[in-house]
Amino acid sequence: MTISFKDRVAIVTGAGGGLGRAYALELAARGAKVVVNDLGGARDGTGTSDAAEKVVEEIKAAGGEAMANGGSVTEYEQMVEMVAKAKEAWGGVHVLINNAGILRDKSFAKMEPADFDLVVKVHLVGSGYCTKAVWETMREQNYGRILMTASSTGLYGNFGQANYGAAKLGLAGLTKTLYLEGAKNNIKVNTLAPVAGTRMTEDIFPPEAFAQFKPENVVPAALYLVSEEAPTNMIIGAGAGAFHAAYVTMTQGAALPEGERTPEGVARIFDKIIDRTGETVPQSGSEQAMTIMRLLQG
Ligand code: NAD
């Protein structure tokens, strides 16, 4: 199987460096016309630069087709304009990789509300805005591939990243509803949790790990997840050439009879509630109620 993006139009947000740049270069190398979006700011989201233009130059030098966009994912109108320009130039938008991100790490005790707001705004609201900006186009085309960028912090937690973790798990939640709403129009939505040596992780990774975890090692997962053959509603982790899946599961649980529905009752059956034997991966929220009904019916 060869994965091609010939005649596809792809938008990659935050593609002026790090992972986004690597995605954009490989999408273009495989035939996509790529919108390289990036505000070009610092790691904490301050400032702007011509980072997007530089990546477009790289793509063009390699014989690819690309356009730069310096809009911010936090500005819905700018995202609408970006999509309109892509459609005007190339006739559609088939792939969106929501990748733009910033960090404002601090322990929760020291975190200012403004740091919470901005991080959630860029990652979660920004991905929602970009997705909303392409959604109608993808519905009309009966084709769309959308990738959200989560993180191990969102899935599993990390000290000092409460704002980031909240936004990142929110993106998995966004995926889980959009995959349902997009299904009938062949829109597939997935979440990627990457691990890569970029400016975001430069002070965390030791130098040897930095080289091993190069962004290019995450690219295969990202591109597969936005390809024609993509699955939908998956959460895939990728780093250093290794790949895995993460699931939101539900245990079989246990029920308390009428009259015993007390906190003490929950304490008594707690081991059974959290027992993972026979746990399932619900494909929609309604499966929670269905599982409860089945349990009550014995
Ligand atoms: P990076 O800092 O190199 O890339 C993020 C890019 O987003 C930057 O180029 C930045 O200018 C751009 N950006 C920031 N705010 C923007 C805005 N409002 N509008 C448009 N662009 C904006 O870091 P990276 O490691 O390549 O991160 C890419 C994505 O992967 C992020 O969402 C990050 O949270 C996620 N991630 C990275 C790792 C890792 O190990 N590097 C781990 C988990 C998740």
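All ligand and atom numbering here is 1-based and tracks the order in the structure.
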Checklist outcome for this item: Numbered in order shown, the ligand 1 atoms found under 4.0 Å of a heavy atom of Asn37 are 20 (C), 21 (N)
Checklist entry - To the nearest 0.1 Å, how far is atom 4 (O) of ligand 1 from its closest protein heavy atom, and which atom is that? => result Gly14 O, 4.3 Å
Next on the checklist: Around atom NZ of Lys176, are there more than 12 heavy atoms from other residues, nucleotides or ligands closer than 6.0 Å?
Outcome noted: yes
Checklist outcome for this item: re atom 25 (O) of ligand 1, the protein heavy-atom contact at minimum distance is Thr198 OG1, 2.5 Å
Checklist outcome for this item: the protein heavy atom lying closest to atom 42 (C) of ligand 1 turns out to be Pro194 O, 2.9 Å
Checklist outcome for this item: So the atoms of ligand 1 within less than 4.0 Å of a heavy atom of Gly18 turn out to be 3 (O), 26 (O)
Item to check | Gly40 touching ligand 1 at heavy-atom level, < 4.0 angstrom | outcome: yes
Checklist entry - If two hydrophobic side chains count as joined below 4.5 Å and joins carry through other members, does Val218 share a cluster with Met234? => result yes
Next on the checklist: For ligand 1 and Arg199, I'd like to know whether there is a polar contact (N/O to N/O, distance under 3.5 Å).
Outcome noted: yes
Item to check | Enumerated ligand 1 atoms positioned under 4.0 Å from heavy atoms of Ala150 | outcome: 43 (C), 44 (C)
Checklist entry - Side-chain donor-acceptor pair under 3.5 Å between Lys85 and Asn69, yes or no? => result no
Checklist entry - Does some non-hydrogen atom of Gly41 fall short of 4.0 Å from ligand 1? => result yes
Checklist outcome for this item: ligand 1 atoms nearer than 4.0 angstrom to some heavy atom of Ser151 are 43 (C), 44 (C)
Next on the checklist: Using 0.5 Å steps for rounding, measure from the CG atom of Leu25 to the CD atom of Glu58.
Outcome noted: 5.0 Å
Item to check | Residue-ligand contact Ile102/ligand 1, heavy atom below 4.0 Å | outcome: yes
Item to check | Geometric N/O contact Leu19 with ligand 1, under 3.5 angstrom | outcome: yes
Next on the checklist: Please determine whether side-chain contact (heavy atoms from CB on, under 4.5 Å) holds for the pair Met82 and Val35, giving the CA-CA distance in whole Å, both sets of side-chain angles, and the decisive distance to 0.1 Å.
Outcome noted: CA-CA 8 Å; Met82 171 176 75; Val35 179; 3.9 Å; yes
Checklist entry - In Å, rounded to the nearest 0.5 Å, how long is the span from CG of Leu103 to OG of Ser151? => result 9.0 Å
Item to check | Proximity flag His123 to ligand 1, non-hydrogen atoms under 4.0 Å | outcome: yes
Checklist entry - Just which atoms of ligand 1 are under 4.0 Å from any heavy atom in Val195? => result 40 (O)
Item to check | Glu279 and Thr251: side chain donor to acceptor below 3.5 Å | outcome: no
Item to check | Selection residues 254-290 - residue pairs positive for ring-ring contact (aromatic ring centres under 6.0 Å, His included), sequence neighbours left out | outcome: none
Next on the checklist: Using a 4.0 Å cut-off to any heavy atom of Asn99, which atoms of ligand 1 qualify?
Outcome noted: 28 (C), 29 (C), 30 (O), 31 (C), 32 (O)
Checklist entry - Identify the closest protein heavy atom to atom 11 (O) of ligand 1: which residue and atom is it, and at what distance? => result Asp38 OD1, 2.5 Å
Checklist entry - Considering only heavy atoms of Ala196, which atoms of ligand 1 have at least one such atom less than 4.0 Å away? => result 39 (C), 40 (O), 41 (N)
Checklist entry - Under 3.5 Å, is there a donor-acceptor pair linking the side chains of Thr131 and Asn98? => result yes
Next on the checklist: A cation-pi test, strictly: NZ or CZ of Arg8 under 6.0 Å from the centre of the six-membered ring of Tyr143 and no more than 45 degrees from its axis. Yes or no?
Outcome noted: yes
Checklist entry - Looking only at heavy atoms of Gly71, does any of them come nearer than 4.0 Å to an atom of ligand 1? => result yes
Checklist entry - Measuring from the heavy atoms of Gly126, does anything fall under 4.0 Å of ligand 1? => result no
Checklist outcome for this item: Checking heavy atoms under 4.0 Å, the part of Lys168 that sits near ligand 1 is side chain
Checklist entry - When you look at Ser286 and Ser284, which way does the side-chain hydrogen bond (donor to acceptor under 3.5 Å, both in side chains) test go after all the steps? => result CA-CA 6 Å; Ser286 60; Ser284 77; 3.0 Å; yes
Checklist entry - Would Tyr164 count as a contact of ligand 1 if the rule is a heavy atom under 4.0 Å away? => result yes
Checklist entry - Would you say the side-chain atoms of Asn186 and Asn142 include a donor-acceptor pair closer than 3.5 Å? => result no
Next on the checklist: Please confirm whether Ala15 approaches ligand 1 to less than 4.0 Å, judged on its heavy atoms.
Outcome noted: no
Item to check | Between Glu181 and Trp135: side-chain donor-acceptor atoms closer than 3.5 Å | outcome: no
Checklist entry - In terms of residue, atom name and distance, what is the protein heavy atom nearest to atom 22 (C) of ligand 1? => result Ala100 CB, 3.5 Å
Checklist entry - When you look at CZ of Arg261, are more than 12 heavy atoms from neighbouring residues, nucleotides or ligands closer to it than 6.0 Å? => result yes
Checklist outcome for this item: closest protein heavy atom to atom 19 (N) of ligand 1 is Val73 N, 3.1 Å
Checklist entry - Would you find a donor on one side and an acceptor on the other, under 3.5 Å apart, between the side chain of Glu202 and the backbone of Thr198? => result no
Next on the checklist: Students should be able to answer this: which protein heavy-atom is nearest to atom 5 (C) of ligand 1, and at what distance?
Outcome noted: Gly101 O, 3.6 Å
Checklist entry - In terms of atom number and element, which parts of ligand 1 are under 4.0 angstrom from non-hydrogen atoms of Thr149? => result 29 (C), 30 (O), 32 (O), 35 (C)
Checklist entry - Can you tell which of Lys121, Met82, Met79, Met200 gets a heavy atom nearest to atom 27 (O) of ligand 1? => result Met200
Item to check | Heavy-atom nearest option to atom 18 (N) of ligand 1, drawn from Ala51, Ala238, Ser72, Ala52 | outcome: Ser72
Checklist entry - CG/Leu223 to CZ/Phe5 distance, rounded to the nearest 0.5 angstrom? => result 4.5 Å
